[in-house]
Amino acid sequence: MSGHTEHTTPTGGYEPKIMAFVCNWCTYAGADLAGTSRMEYRPNVRIIKLPCTGRIDPLFIIKAFENGADGVLVSGCHPGDCHYTTGNYHARRRWIGFKNLMEFAGIDMRRLHFSWVSASEAIKWVDLINKVTDEIKALGPFMEYKGLKEKSAEQGE
Amino acid sequence: MKIRLGNEDIQSASVRRLERITGEDVKRCYQCGNCSGGCPVSYAMEIPPTKVMRFLQLGNIEEVQNANSMWLCVGCLQCYSRCPQGVSVAAILEGMRQETLRKGESRTEVKEVPFPFLKKAPQQAIVCGFRKFVG
Amino acid sequence: MKIPYYPGCTLNTVAKQFDTSARESASSVGFEMKELAQWNCCGATFPLTPDNVIGLTAPAKVLSNASKEGDTLTTLCAVCYNVLKRTNKVIRDNREKRNVINGFIEEEYDGSVNILHYLEVLRDKVGFDKVKASVKRPLKGIKAATYYGCMLLRPFEDIGIDKAERPTIFEDLLAALGAEPVEFANKIECCGAHLAMNNEEVVTTLSGKVMTSAVGAGAELIVTTCPLCQFNLEKSQPKVAEAGSGYSPVPVIYFTQALGLALGQDIATLGFEKNSSDIMPLLKKKGIA
Amino acid sequence: MPRIGVFVCQCGNNIAATVDTKKVAEEMGKLPGVVYTCDYKFMCSSPGQEMLKQAIKENKLDGLIVSACSPHMHEKTFRKAAEAAGLNPYQCEITNIREQCSWVHHDKTKAAGTVKSIDLTRMTIQRLKKNQPLNKIKIPVKKKAVVIGGGIAGIQAALDIAEGGREVILVEKEPSIGGNMARLSETFPTMDCSQCILTPKMVEAELNERITLYTYSEVEKVDGYIGNFTVTVRRKAKYVDEERCTGCGECIEKCPFKVESAFELGLSKRKVIYTPFPQSVPNVPVIDAPNCTKIQKDKCGACAIVCGPKCIDFKMEDKLETVEAGAIVVATGYQNMPNERFGEYGYGRIKDVISGMQFERLASSSGPTGGEIRRPSDGKVPQSVVFIQCVGSRDEKKGVSYCSKICCMYTAKHTKLYSHKVHGGQSYVFYMDIRSGGKRYEEFVRGAIEHDGAMYLRGRVSRVYEKDGKIMVQGADTLSGSQVEIEADMVVLATAVVSRDGADTLAQRLGIGYDKYKFYNEYHPKLKPVETVTAGIYLAGTCMGPMDIPESVAQGSAAASKVLALFSADEMAREPITSVVNRTTCNACWDCLTACPYTAIEREAIKDRQGNVVRWVAKVNDGVCQGCGVCVAACRSKSIDLKGYTDEQVFAAINAF
Ligand SMILES: Cc1cc2nc3c(=O)[nH]c(=O)nc-3n(C[C@H](O)[C@H](O)[C@H](O)COP(=O)(O)OP(=O)(O)OC[C@H]3O[C@@H](n4cnc5c(N)ncnc54)[C@H](O)[C@@H]3O)c2cc1C
Ligand SMILES: Cc1cc2nc3c(=O)[nH]c(=O)nc-3n(C[C@H](O)[C@H](O)[C@H](O)COP(=O)(O)OP(=O)(O)OC[C@H]3O[C@@H](n4cnc5c(N)ncnc54)[C@H](O)[C@@H]3O)c2cc1C
Ligand code: SF4
Ligand code: SF4
Ligand code: SF4
Ligand code: SF4
Ligand code: SF4
Ligand code: SF4
Ligand code: SF4
Ligand code: SF4
């Protein structure tokens with residue numbers, strides 16, 4: 001789909017783009033609370049809401065990088081707090097095998113962040129986004145997948 | 001007795017050292033008193049087992065070192081076998097004894113042991129006793 | 001059936017009667033105790049602090065020697081049993097320590113030997129039924145206190161010879177021999193152990209409690225499994241009696257002496273004269289000797 | 001080509017201050033498929049909603065985006081409006097440009113907020129294009145409840161559900177309902193007699209026309225899901241016809257054989273044909289078959305001879321009955337830890353070392369001593385009683401690590417009962433901490449100490465042994481730092497409250513969770529204390545963990561209110577966010593089945609025309625699926641997808657990033 005906003009701010013500096021996969025019950029609500037509390041954080045993150053981190057398919061993350069993300073954040077309920085009792089536990093278990101896949105796919109694990117943010121942890125959310133943004137910014141743009149999407153488009157995927 | 005407590009007491013390096021030597025965690029003791037209740041020599045100890053654990057929790061290792069408790073412990077493991085928290089006061093006391101012996105101090109001089117005893121006693125008592133009292 | 005046997009230093013000397021009566025009895029119930037060709041003192045103390053690996057080398061040496069003679073090892077002294085069994089467990093379960101220990105003793109021992117106390121051999125290999133069937137001189141009418149002491153039982157997780165707080169193995173044996181085991185309060189309490197060396201007061205108190213509770217429960221005889229228990233009880237007995245609590249001494253013997261007696265061995269060979277308490281009046285009274 | 005409308009809300013100045021809503025609308029208008037855009041001051045206001053409906057109709061929209069506040073605020077509002085305008089409500093999606101943009105990016109130039117709003121709205125639009133119309137799942141609800149366990153918690157739940165006008169089957173495995181409370185003498189903190197407050201409730205349950213008692217029965221199997229359970233109950237043979245029995249008790253009178261009474265915890269005997277206790281409900285005896293000589297050896301038959309109505313039938317057999325029910329309340333209670341584990345306390349060996357529950361029986365006026373405190377060995381009135389608390393509780397090594405919560409209180413109660421009944425007697429209590437956090441509880445304990453003279457010693461007991469006919473208790477008083485020895489006539493152990501034997505089996509049948517101690521797990525320990533992860537199954541009382549009567553009763557009522565809420569409509573509507581299996585590609589690896597936290601996935605056989613099973617596939621039970629999507633991520637062949645969050649939808653959003 002159409003071009004996403006550029007990797008540069010109006011003033012010209014590099015601004016990373018970060019995709020966040022969050023669960024509906026904890027982290028999404030925590031981010032909402034940051035809003036209702038009028039906290040401020042870096043504008044680099046775009047949230048995709050899922051029912052549970054257990055829904056996250058590793059391919060989502062790879063696709064996010066393919067689509068120009070410089071970093072990806074996954075955040076859900078704290079262990080033991082999952083709305084679906086064990087969904088986040090499943091997610092975490094899956095990450096173990098998943099890490100290898102990411103490295104195999106050439107993704108620097110430093111670009112991938114996992115966290116737990118509960119519905120009341122607005123401050124944690126704000127700090128997290130600021131921290132992740134700064135870290136990804138320091139890493140610079142993610143170039144490995146540059147052009148990959150266009151290429152696959154050419155091949156008529 | 002009055003105790004002045006500071007962070008350095010609670011985080012006492014010597015207690016941490018003792019924990020390393022003995023593999024015990026003094027925080028585990030919840031002061032139930034079972035060990036003191038069951039220890040056969042607790043009656044003669046200046047500081048009974050439960051209090052030993054408490055002093056260590058407070059970081060006051062000297063208090064215990066100066067008492068007779070570690071020299072009286074017979075190693076019967078009654079404390080350990082009934083401690084609901086699985087703490088071995090016996091190991092703690094042995095650790096403290098070792099520390100002291102390694103510094104070359106002891107409560108029993110070999111010459112103090114009555115000679116007739118050495119002649120008649122089972123070897124195991126002598127071996128064990130020397131290990132415990134002399135190092 | 002030949003079972004490798006570790007006597008330990010005490011049974012080689014002051015507790016010789018413990019050793020000889022056991023060997024004799026073994027042959028009467030159908031097994032042979034094969035003394036290890038090479039052995040050393042086990043150290044008589046299991047180091048309670050895990051950093052003391054050196055303390056494990058002596059028993060490890062014994063174990064490694066034993067492994068060359070078979071897959072089981074039996075022993076009589078409760079202390080040896082305790083030290084060997086626990087050391088063996090460390091070597092078996094803790095790879096790191098195993099390597100250190102093997103380095104010291106210059107052997108490659110992996111903890112595979114099965115340590116059995118003589119009581120366990122009787123219970124699990126021979127069977128108390130068979131023991132019972134072999135009895136020629138039942139200890140009929142003798143109320144016997146079975147004094148376990150500490151080392152035969154604790155720590156339960158490592159030793160596991162029987163239930164920690166309510167063991168019965170010893171009573172079961174005495175019952176098989178025709179005696180009447182008495183239940184007494186201090187049967188698993190300490191006798192004072194190595195404090196014999198420098199604290200007579202404590203030893204007299206603790207041993208005194210063991211004996212008064214046994215005799216108070218009706219015991220006419222106290223049976224032990226450990227030379228140190230035997231020593232402490234016998235040594236304390238006169239003092240306890242002197243203290244004027246109305247306690248009157250009873251014979252204290254090793255369980256193997258009781259066993260040999262019941263299996264019909266010549267009384268003269270059981271080494272009762274080496275005990276400092278005298279069992280003969282009791283045996284006469286009961287019509288056994 | 002889809003026809004999508006985009007409505008950007010200004011939220012007064014809440015959004016408009018830092019997001020250029022007009023620009024967002026304009027930009028979105030450029031995207032293919034977007035046929036209508038606007039920005040408006042208050043989308044959720046009545047005029048706003050009217051405008052939205054109007055626009056749907058006028059522009060023949062088949063999908064719409066409202067870029068406004070968090071979907072947690074107004075998703076329902078706008079979906080309803082869309083539905084009113086004739087659209088499938090799930091064709092309406094929200095973009096959160098307030099909580100995620102305007103309120104958190106304070107840049108007055110509107111740069112960052114606007115860019116982010118555009119990105120987010122674009123992602124939502126692309127996602128919307130992949131949306132499928134969904135319909136709420138309607139589940140018919142059978143308005144009958146099964147309550148398992150007839151202790152006080154179960155009785156209370158049954159009574160409240162019946163009170164609410166619904167039918168209840170109360171399944172109790174013993175011959176009488178009443179549970180543990182029936183054993184108690186008097187109850188803290190008010191000291192009313194347990195029988196006096198319990199018996200009326202038991203009778204009420206029996207007489208209530210909406211409650212059917214299935215005593216001497218156990219749940220064998222549970223199928224179905226919320227609103228539609230099929231519960232199979234084994235009704236064990238009582239050998240007595242319940243309908244005809246008048247409860248005259250002649251049979252019991254005549255039975256020549258006695259065995260130990262389980263109800264009395266071995267303190268007395270009962271006949272082979274028996275009711276557990278005199279106030280049993282129903283008052284119908286049962287024959288304890290393994291001990292009956294007639295049933296075992298065809299001798300005796302005395303009871304049948306004396307029975308007037310001839311209701312004894314030695315040939316009776318267990319029956320399996322199925323009950324259709326919409327909801328299940330589990331209230332199977334607790335038991336006390338068997339103390340044989342504590343050899344050092346002499347339990348089982350020293351006769352006068354008893355458990356707290358046995359003490360209840362001694363103190364109960366309907367108990368084996370008629371309420372007089374007499375020790376079991378010789379019937380003497382004990383002049384000194386030592387109570388030992390925390391036996392098995394707070395003991396990681398030999399028991400359980402948790403606190404049993406009620407024993408501090410009942411021990412204080414025991415000392416009171418003892419001091420009232422035995423004048424001049426002295427009670428001693430060994431405790432580690434006194435836990436009396438309840439209304440009037442601390443005062444109750446202080447009363448035991450100050451009024452009734454109980455001697456509290458802070459410490460654990462190391463061992464209990466016999467000496468010269470006395471029971472010696474050897475422990476410590478940690479407050480004075482000394483070893484303590486007490487000569488007692490009787491010792492009472494406050495033994496741990498543990499889960500029932502077989503609690504795990506029942507949980508597996510029900511598909512509910514339990515912890516490592518086999519206590520059942522509530523859905524959420526604070527906010528859903530009587531729900532389980534399995535919709536339609538609720539919990540009450542001590543099957544969840546130690547608690548006292550007031551709490552058990554409160555939970556019984558809470559569970560009943562959940563059941564009544566469920567039964568308040570004929571159908572329950574559920575969000576259609578559930579998983580579906582693609583039966584052609586599913587290769588029956590069952591990864592989804594093991595991953596699903598709700599056991600919502602079943603094995604389904606695909607059969608050919610002759611009825612032979614050709615292959616197996618996974619099948620999602622819509623009634624049970626909660627829509628977490630764990631199965632979707634687990635399926636390696638991509639054969640299962642979550643409606644509302646399909647792979648296609650998520651990928652579309654990612655691709656629009
Ligand atoms: C010694 C002692 C004294 C106490 N004193 C007090 C007091 O003074 N005040 C106070 O508030 N609390 C007291 N309590 C606590 C009180 O007993 C409990 O809070 C209360 O009885 C719990 O009720 P319940 O219904 O949860 O469980 P229970 O009473 O255990 O009832 C559970 C019922 O379910 C049945 N059941 C079990 N499994 C199944 C199955 N699979 N199928 C069918 N039926 C089954 C059982 O037979 C039983 O009838 C005391 C507890 C003890 C141990
Ligand atoms: C420091 C502290 C920490 C705590 N931490 C925890 C914890 O970690 N976990 C936990 O489980 N519990 C905790 N609690 C306990 C918890 O706060 C309470 O259990 C819970 O909040 C009680 O909720 P409530 O609805 O009963 O009462 P409240 O929260 O007091 O609510 C009562 C409401 O009624 C309103 N109201 C009062 N009078 C009137 C009136 N006349 N008309 C109309 N409205 C009225 C009040 O304004 C209030 O909104 C804590 C308590 C404290 C003090
Ligand atoms: S028994 Fe264990 S927990 Fe209790 S006081 Fe002694 S060491 Fe502490
Ligand atoms: S091992 Fe020592 S401290 Fe422990 S009970 Fe025995 S004598 Fe007391
Ligand atoms: S829809 Fe939401 S954003 Fe718009 S006016 Fe209402 S509350 Fe504000
Ligand atoms: S005699 Fe018959 S009617 Fe009377 S209680 Fe017994 S079974 Fe019932
Ligand atoms: S038939 Fe059975 S239940 Fe009836 S009286 Fe005889 S033994 Fe009792
Ligand atoms: S309620 Fe009291 S007696 Fe019971 S376990 Fe807790 S602290 Fe111990
Ligand atoms: S979405 Fe969740 S609840 Fe539904 S079937 Fe899949 S794993 Fe089970
Ligand atoms: S994981 Fe996928 S392939 Fe395997 S059974 Fe479930 S739906 Fe079928």
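Per chain, numbering begins at 1; letters A, B, ... match sequence-line order.
- Within a 6.0 Å sphere centred on CZ of Arg17(B), heavy atoms belonging to other residues, nucleotides or ligands number 12 at most.
- The minimum heavy-atom distance between Ser185(D) and Leu417(D), with the atom names listed, is OG-CD1, 3.4 Å.
- Once rounded to the nearest 0.5 Å, the distance linking NZ of Lys380(D) with CZ of Arg375(D) reads 5.5 Å.
- If you take CE on Met70(B) and CE on Met45(B), they are separated by 11.0 Å, rounding to the nearest 0.5 Å.
- In this structure, Ser404(D) contributes its side chain and Val497(D) its backbone to a donor-acceptor pair below 3.5 Å.
- The CG atom of Asn521(D) lies 8.5 Å from the CG atom of Leu539(D); values are rounded to the nearest 0.5 Å.
- The two residues Pro376(D) and Met490(D) make their nearest non-hydrogen contact at CD-SD, 4.2 Å.
- The stretch residues 386-401 of chain D places Arg394(D), Asp395(D), Glu396(D), Lys397(D), Lys398(D) near chain B, each with some heavy atom under 4.5 Å from a heavy atom of that chain.
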| request: Using the side-chain hydrogen bond (donor to acceptor under 3.5 Å, both in side chains) rule, take Arg500(D) and Thr332(D) through it: C-alpha gap first, then chi angles, then the decisive distance, then the call. | output: CA-CA 8 Å; Arg500(D) 294 243 175 206; Thr332(D) 46; over 6 Å; no
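- Thr542(D) places no side-chain N or O within 3.5 Å of a backbone atom of Gly545(D) that could act as its donor or acceptor partner.
- Ring to ring, Tyr418(D) and Phe359(D) are not that close: their centroids are 6.0 angstrom or more apart.
- Residues of residues 426-446 of chain D lying within less than 4.5 angstrom of chain B, judged on heavy atoms, are Met432(D) in numerical order.
- In terms of heavy-atom proximity, Thr411(D) sits nearest to Ala494(D) at OG1-CB, 3.8 Å.
- Neither the backbone nor the side chain of Cys79(B) has a heavy atom closer than 4.5 Å to any heavy atom of chain D.
- Chain B forms more heavy-atom pairs under 4.5 Å with one residue of Arg460(D), Glu344(D), Arg458(D) than with any other, namely Arg460(D).
- When the heavy atoms of residues 463-489 of chain D are compared with those of chain B, the residues falling under 4.5 Å are Arg463(D), Gln474(D), Gly475(D), Ala476(D), Thr478(D), Gly481(D), Gln483(D), listed by number.
- Within the model, atoms CG of Asp452(D) and NZ of Lys413(D) stand 14.0 Å from one another, a figure rounded to the nearest 0.5 Å.
- With 3.5 Å as the limit, one finds a donor-acceptor pair spanning the side chains of Asp352(D) and Ser377(D).
- One distance of note links OH of Tyr345(D) with CG of Leu493(D); it measures 7.5 Å at 0.5 Å rounding.
- When atom types are taken as modelled, the side chain of Glu24(B) and the backbone of Ile92(B) share no donor-acceptor pair closer than 3.5 angstrom.
- A salt bridge is absent between Asp515(D) and Lys518(D): the closest approach of a Lys/Arg side-chain nitrogen to an acidic carboxylate oxygen does not fall below 4.0 angstrom.
- The two atoms that bring Gly86(B) and Tyr80(B) nearest to each other are O-CE1, 3.6 Å, heavy atoms only.
- In this structure, the separation between OG on Ser552(D) and CE on Met544(D) is 8.5 Å, given to the nearest 0.5 Å.
- Counting heavy-atom pairs under 4.5 Å between each of Pro84(B), Ser42(B), Cys39(B) and chain D puts Pro84(B) at the top.
- Along residues 49-58 of chain B, the residues that come nearer than 4.5 angstrom to chain D, judged on non-hydrogen atoms, are Thr50(B), Lys51(B) in order of number.
- For a residue to count as touching a neighbouring chain, one of its non-hydrogen atoms must lie under 4.5 Å from one of that chain's; by this rule Cys35(B) does not touch chain D.
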